[in-house]
Amino acid sequence: MDYHLIVVAHRVFVTAFLLHYVWKTFLLVSNKKDTLAAYTAKTRIAEMVVSLCFLLTGFYLVYKSPPLSVIMWTKIAMVFASIPIAIIGFKRGIKPMAIVAVLLIVGAYGLAEMNKAKFKKEDKKAVDTSTVEGGPVAVGKAIYTVKCIACHGENGDLGLSGAKNLKITTLTDDQQKDIILHGKGGMSAFPLPDDQLNGVIAYLKTLKQ
Ligand code: HEC
């Protein structure tokens, strides 16, 4: 299955789920009980399908992601906490609970965005390899261990976050440099200085043997 397709699908399901619950909470809070009951009845099946797809795509992404940060675990905990709160809140018509459930989901969404921004910044952070001995391959290995291993794995074939298998890549050095410097799909840009970039390229060649 294509990882990026699942990412897009997950976003679509999350957005649909969130809008649906914002609307339901609005109806509950503004005392439109009959409208809420009719809307809930009409959307019961759709809600089940969307929440199931939302959770299944989420599980798949967790399974196929590099080890999750504390931020991401917090996000997941917030989503799971919101489920019983929403169920009880709407069943009993308790407004504060419905609002808390929606806020938890909105907060989880915000955390995911924060996490992305943080990773982007970290990917751009320079690594000091001036003390690394052993030539370009050693420099490349040092960079690879810090910046690339989470998705590509020690041997280049881990494939997390939809990462390509570097053991069997058919790209030329220049094509690889272009992807490393500018990013592609689920891989962010790594603006490495020339010596480190050439070192990584030299190190990737050793993974192929
Ligand atoms: C967040 C996960 C992630 C990290 C970290 C990461 N990559 Fe990637 N890498 C990917 C993904 C995803 C692709 C596939 C991009 C595409 O084609 O859509 C990829 C593709 C590549 C390719 C192209 C391979 C091919 O045959 O198309 C190279 C080369 C590569 N990565 C090298 C690196 C190097 C070197 C680093 C560290 C500086 C690195 N990657 C860090 C996820 C990552």
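Atoms within each ligand, like the ligands themselves, are counted from 1 in listed order.
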**Q** Output the list of atoms in ligand 1 that are nearer than 4.0 Å to some heavy atom of C148, sorted by atom number.
**A** 34 (C), 35 (C), 36 (C), 37 (C), 38 (C), 39 (C), 41 (C)
**Q** To which of C151, G159, S65, G140 does the heavy atom nearest atom 2 (C) of ligand 1 belong?
**A**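 Of the listed residues, C151 has the closest heavy atom.
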**Q** How does I143 reach ligand 1, if at all, at less than 4.0 Å between non-hydrogen atoms: by side chain, backbone, both, or neither?
**A**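 For I143, no heavy atom sits under 4.0 Å from ligand 1.
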**Q** Measure the CZ-CE distance between R92 and M97 for me, rounded to the nearest 0.5 Å.
**A** 8.0 Å
**Q** If you define the side chain from C-beta out and look only at heavy atoms, does anything of Y60 sit under 4.5 Å from H10?
**A**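 No, side chains not in contact.
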**Q** I180 heavy atoms, cut-off 4.0 Å: which ligand 1 atoms fall inside?
**A**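 Per the distance check, 32 (C), 35 (C).
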**Q** Establish, yes or no, whether the cationic atom of K64 lies under 6.0 Å from the six-membered ring centre of Y3 and within 45° of the ring axis.
**A** no
**Q** Give the residue and atom name of whichever protein heavy atom lies nearest to atom 27 (O) of ligand 1, and the separation in Å to one decimal.
**A** L171 CD1, 3.3 Å
**Q** For M72, what residues pass the side chain to side chain contact (heavy atoms under 4.5 Å, CB included) criterion, not counting sequence neighbours?
**A** L68, S69, K75, N115
**Q** Is the shortest side-chain heavy-atom distance between K95 and N31 below 4.5 Å?
**A** yes
**Q** Looking only at protein heavy atoms, identify the closest one to atom 28 (C) of ligand 1 and say how far it is in Å.
**A** L166 CD2, 3.4 Å
**Q** Which residue supplies the protein heavy atom nearest to atom 5 (C) of ligand 1, what is that atom called, and how far is it?
**A** K147 O, 3.2 Å
**Q** Just which atoms of ligand 1 are under 4.0 Å from any heavy atom in G162?
**A** 11 (C), 12 (C), 14 (C)
**Q** Any N/O of T169 closer than 3.5 Å to an N/O of ligand 1?
**A**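 Yes, at least one N or O pair falls under 3.5 Å.
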**Q** Can you find a pair of side-chain heavy atoms, one from V22 and one from F26, that are under 4.5 Å apart?
**A** no
**Q** Among all protein heavy atoms, pick out the one at the shortest distance from atom 41 (C) of ligand 1; state its residue, atom name and that distance to 0.1 Å.
**A**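 Its nearest protein heavy-atom neighbour is F190 CE1, 3.5 Å.
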**Q** Parallel, tilted or perpendicular, judged at 30° and 60°: which one describes the rings of F90 and Y21?
**A** perpendicular
**Q** Should you measure from each heavy atom of S161, which atoms of ligand 1 turn up under 4.0 Å away?
**A**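 Reading through ligand 1 atom by atom, the close ones are 12 (C).
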**Q** Which residue supplies the protein heavy atom nearest to atom 11 (C) of ligand 1, what is that atom called, and how far is it?
**A** A163 CA, 3.3 Å
**Q** For atom 9 (N) of ligand 1, tell me which residue out of K164, M187, Q176 has the closest non-hydrogen atom.
**A** M187
**Q** Looking only at distances, can you tell me whether any N or O atom of H152, backbone or side chain, sits closer than 3.5 Å to an N or O atom of ligand 1?
**A** yes
**Q** Report yes if the side chains of K208 and T169 come closer than 4.5 Å at any heavy-atom pair, otherwise no.
**A** yes
**Q** How far is atom 35 (C) of ligand 1 from the closest protein heavy atom, and which atom is that?
**A**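 Answer, as residue, atom name and distance: V200 CG1, 3.3 Å.
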**Q** Aromatic ring centroids of F13 and H20 under 6.0 Å?
**A**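 Centroid separation for F13 and H20: 6.0 Å or greater.
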**Q** To which protein heavy atom is atom 15 (C) of ligand 1 closest, and what is the distance rounded to 0.1 Å?
**A** K184 O, 3.5 Å
**Q** Let's go through D174 and T172 carefully: what are the C-alpha distance in whole Å and the side-chain angles of both, what is the deciding distance for side-chain hydrogen bond (donor to acceptor under 3.5 Å, both in side chains) to 0.1 Å, and is it a yes or a no?
**A** CA-CA 5 Å; D174 283 340; T172 64; 5.6 Å; no
